[in-house]
Undergrad: 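To start, I am sharing the structure in question, which I have written as structure tokens.
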Amino acid sequence: MGTLKPDAANYQSLLRHYIAKQDEHSLYGAEQISKHFIKNNVPPEEIVNLHNQALSALYPDLPEHIQHSMKFLLETMISYGIAHQEYHTLREQQSEIKSEIAVAANMQDTLLATTKPVIDGLDIGAVSVPAHQMSGDYHHFVTGEDGSLGIAVADVIGKGIPAALCMSMIKYSMDSLPEGTMRPQSILKKLNRVVERNVDASMFITMFYAQYFPKSGKILYSSAGHEPGFYYNAKENTFEEIKAKGLVLGVNPDTEYRQYERILHQGDMVILLTDGVTECRQGERFIENKEVLDVIATFSHLEAQEMVNKVYKHFERLQDFQLRDDFTLIVLKK
Amino acid sequence: MGTLKPDAANYQSLLRHYIAKQDEHSLYGAEQISKHFIKNNVPPEEIVNLHNQALSALYPDLPEHIQHSMKFLLETMISYGIAHQEYHTLREQQSEIKSEIAVAANMQDTLLATTKPVIDGLDIGAVSVPAHQMSGDYHHFVTGEDGSLGIAVADVIGKGIPAALCMSMIKYSMDSLPEGTMRPQSILKKLNRVVERNVDASMFITMFYAQYFPKSGKILYSSAGHEPGFYYNAKENTFEEIKAKGLVLGVNPDTEYRQYERILHQGDMVILLTDGVTECRQGERFIENKEVLDVIATFSHLEAQEMVNKVYKHFERLQDFQLRDDFTLIVLKK
Amino acid sequence: MDLQSCVTIEKEWDIVKARQLGREVAQEAGFGTVDQARIATAISELARNIYLYTNSGKLCFEIIDNVEQKGISMLSIDDGPGIEDISQVMEDGYSTSGGLGAGLPGVKRLVDQFDIQSEKGKGTEIRAVKWAR
Amino acid sequence: MDLQSCVTIEKEWDIVKARQLGREVAQEAGFGTVDQARIATAISELARNIYLYTNSGKLCFEIIDNVEQKGISMLSIDDGPGIEDISQVMEDGYSTSGGLGAGLPGVKRLVDQFDIQSEKGKGTEIRAVKWAR
Ligand SMILES: [Mn+2]
Ligand SMILES: [Mn+2]
Ligand SMILES: [Mn+2]
Ligand SMILES: [Mn+2]
């Protein structure tokens, strides 16, 4: 506040000018002074004080009642001054926390990075976009020593920081599993225990795990309460829901998971997703499953990666560029 | 702002009273009005306007130059009014994000919960307080099948959400280790690999791992660049730094860790901590190690848990109740 | 609809001219002293953006007189570089003028309706409406 | 050291008495009008805490006169329930009186030095010092 002195002279001369001319230019000057003060963290009561001093200087015979009234006004400004200082603190904190979250989101990107494996005779597309900076969706590809391809898709209830924290658990637990030799049902069983032990009961995670064997075209899968994906039958040109029953992760430590299987034929597709895709909302309206399939069908002639990109862009626009939930979509085309 | 009308009457009568008596009671009233206005999101220019109206009502023959001057003052308040509204928005955003972080912090508490084991002939005290809501400090007790007690203390570089996210990794990795049968140097070696693989190079973690064998009184320990703890020699009534060399976790996947050992005698103490204790700052000044030891010595006659609590309270106050870094302090008293 | 009055913004002095014209229109529309000051401050901000970031632009004012309410419409049109990320510019704290508590979010706070359209390389159009109480 | 003057806080009226006494001491110590008002507001907040949350307590004022500087010390002592989590109480937005921009963080913003000690069940002691510029 060492800058107040020259400002005081400036204020006084602008005020005198304004009283004499009542011109817009002086009022513009008033605005500029006050913006300058705000920038320098000068609280509003200082302005009132400056005003009082300027008045007294300009009118040495200022009536006493006016002087008293200005002291009263000054008193009301003190609480605004406290609020104003808190405002500055809040701005600083806000920008700190924003950059903190950006760092964390970055870490999460590194953490959840998964490489789309290249597999002969299988075209893979994957897109995963968080609604906020941090994601509560997870997907991961595992190449097994037996030549199989494991695909995990999971969704933590909720979004944002808590979901992201929970998500990292799935990542580390998956890491500690023996490389791709376990079957879907055993993987879910194991992860279920980890989640149950580490996360309180209000939080849970849904997960779909599929394992594909390129040689036989066989796909094994199990679900822990996860949003069902779709199976596209090329021969009959039909989509069908991939039904799989199973309790969400983290509820009961003794849950066993059923395992399903199916054979993929030439041209068939498997579509895995999170509810951020199927529960897209347009305004207040939830879209129908049929609409999702229509959009997918529209782009199904494209390469898998281009296909999921186009589907994502379609729904992003539909939602006014503001995702309400994390969005993950994976397509396997044989 | 529909509440302004009765407030205007109130303001005017208080102002009149103050001009007549210049009493403290009216000024107290001014303060109460302004707090009430702030609560109702009334910007400061409205107060100035109220004041002008009250003045005009009380003095119908108010000189023109005073009226002009008050219009000028009003003009300066508009920018403060914008800032004041932004302040309200910031407060709302802040409380939203705080509750999101509170949920995450709660999860972290569940996640990092560790039970202080009860061991014959060893009094254990532990306190760990995050600087922000989420902690980047970690400590954990492991009771081994061989009767040994493992104590892990770790500190992620940085604080807050990114550190917390990183911290959860240490937790899951520790979980996947065989129950307490590994030695400190092997544990650090294993964790180092996990950190190196999952976190980018700018992030690292320091860790101290000690393993205590109650029967022999022997303690083994290794350090990954962690803040040295202290050893209290009861017989000679001296403190000495626990020196242990080792690279921080996450830098080089092939790092090997040295392992040290020492025998604890009756009355001896081992003090483990993070740099949030030793790098306490008072104003701009870092405290000296000697001061830390003085404080510890002051409370060393107490039970271990009460001792660490008192030491924490001391430094909390010294830092004006705003921790600059996560604070973890563990004391083992034989 | 009343007639529309515009001020072309080229030098800093034009900001004052725009404030003056806007304040007159506001007075005519029946706004009180506080709201006039708010309108002038909003105009400053809009005019300053044109002055600082574009080659040319103008501010136009209009009294809106519906059956239900009376107000002022402020229209800012420029052929400047356009705003690439509108969401970002409308965020608190992200102010191109680097100052505190100002920028377009400040304008939005001072008025009742605020609409912005911008195309990269073509310019920006902002319409702000304030209703007299 | 000057003599120390205290006001016991029992009813709301005592808040005004404390403000008055504090303002007089501040005036004597050479504070200007703005700082006097700030000191009075800080006193309100301290006194209100005693009035609302404790059975009895008092506020004491003292002029501090070093060689280098002159100021006022405000001491608030009560035998109330004490504050369990001081860090929390000192957080912005966490105000026991539920109001905005006030509470102990507000007091801290108004003064130059602020120290608080509290023991559960025994009471709270707050010392705030402001220096005259
Ligand atoms: Mn989710
Ligand atoms: Mn979801
Ligand atoms: Mn840390
Ligand atoms: Mn630290």
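First the proteins, then the strands, lettered A, B, ... as listed; each starts at 1.
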Undergrad: Considering only heavy atoms, which portion of B/Q94 lies under 4.5 Å from any heavy atom of chain D: side chain, backbone, both, or neither?
TA: neither
Undergrad: Supply the atom-to-atom distance D/Q117 CD to B/R317 CZ, rounded to the nearest 0.5 angstrom.
TA: 3.5 Å
Undergrad: Taking atom NZ of D/K122 as the centre, does the number of heavy atoms from other residues, nucleotides or ligands within less than 6.0 Å exceed 12?
TA: no
Undergrad: More than 12 foreign heavy atoms under 6.0 Å from NZ of D/K120: is that the case here?
TA: no
Undergrad: Counting only heavy atoms from other residues, nucleotides and ligands, does the tally under 6.0 Å from CD of B/Q22 exceed 12?
TA: yes
Undergrad: Is it the case that over 12 heavy atoms from other parts of the model lie below 6.0 angstrom from the CG atom of D/N55?
TA: no
Undergrad: Where do B/Y28 and D/E12 come nearest, in terms of heavy atoms and distance?
TA: OH-OE2, 3.1 Å
Undergrad: Is it true that atom CD of B/Q67 has more than 12 heavy atoms of other residues, nucleotides or ligands lying nearer than 6.0 Å?
TA: yes
Undergrad: Using heavy-atom distances under 4.5 Å, tell me whether D/A40 contacts chain B through its side chain, its backbone, both, or neither.
TA: both
Undergrad: Atom CD of B/E24 and atom NZ of D/K17: how far apart are they, to the nearest 0.5 Å?
TA: 13.0 Å
Undergrad: Closest approach of B/L27 and D/R23, non-hydrogen atoms and distance?
TA: CD1-NH2, 3.2 Å
Undergrad: CD1 of D/I15 to NE2 of B/H25: how many Å apart, nearest 0.5 Å?
TA: 9.5 Å
Undergrad: I'd like to know if B/K313 pairs up with D/E119 as an ion pair, taking the criterion as any Lys NZ or Arg NE/NH1/NH2 lying under 4.0 Å from an Asp or Glu carboxylate oxygen.
TA: no
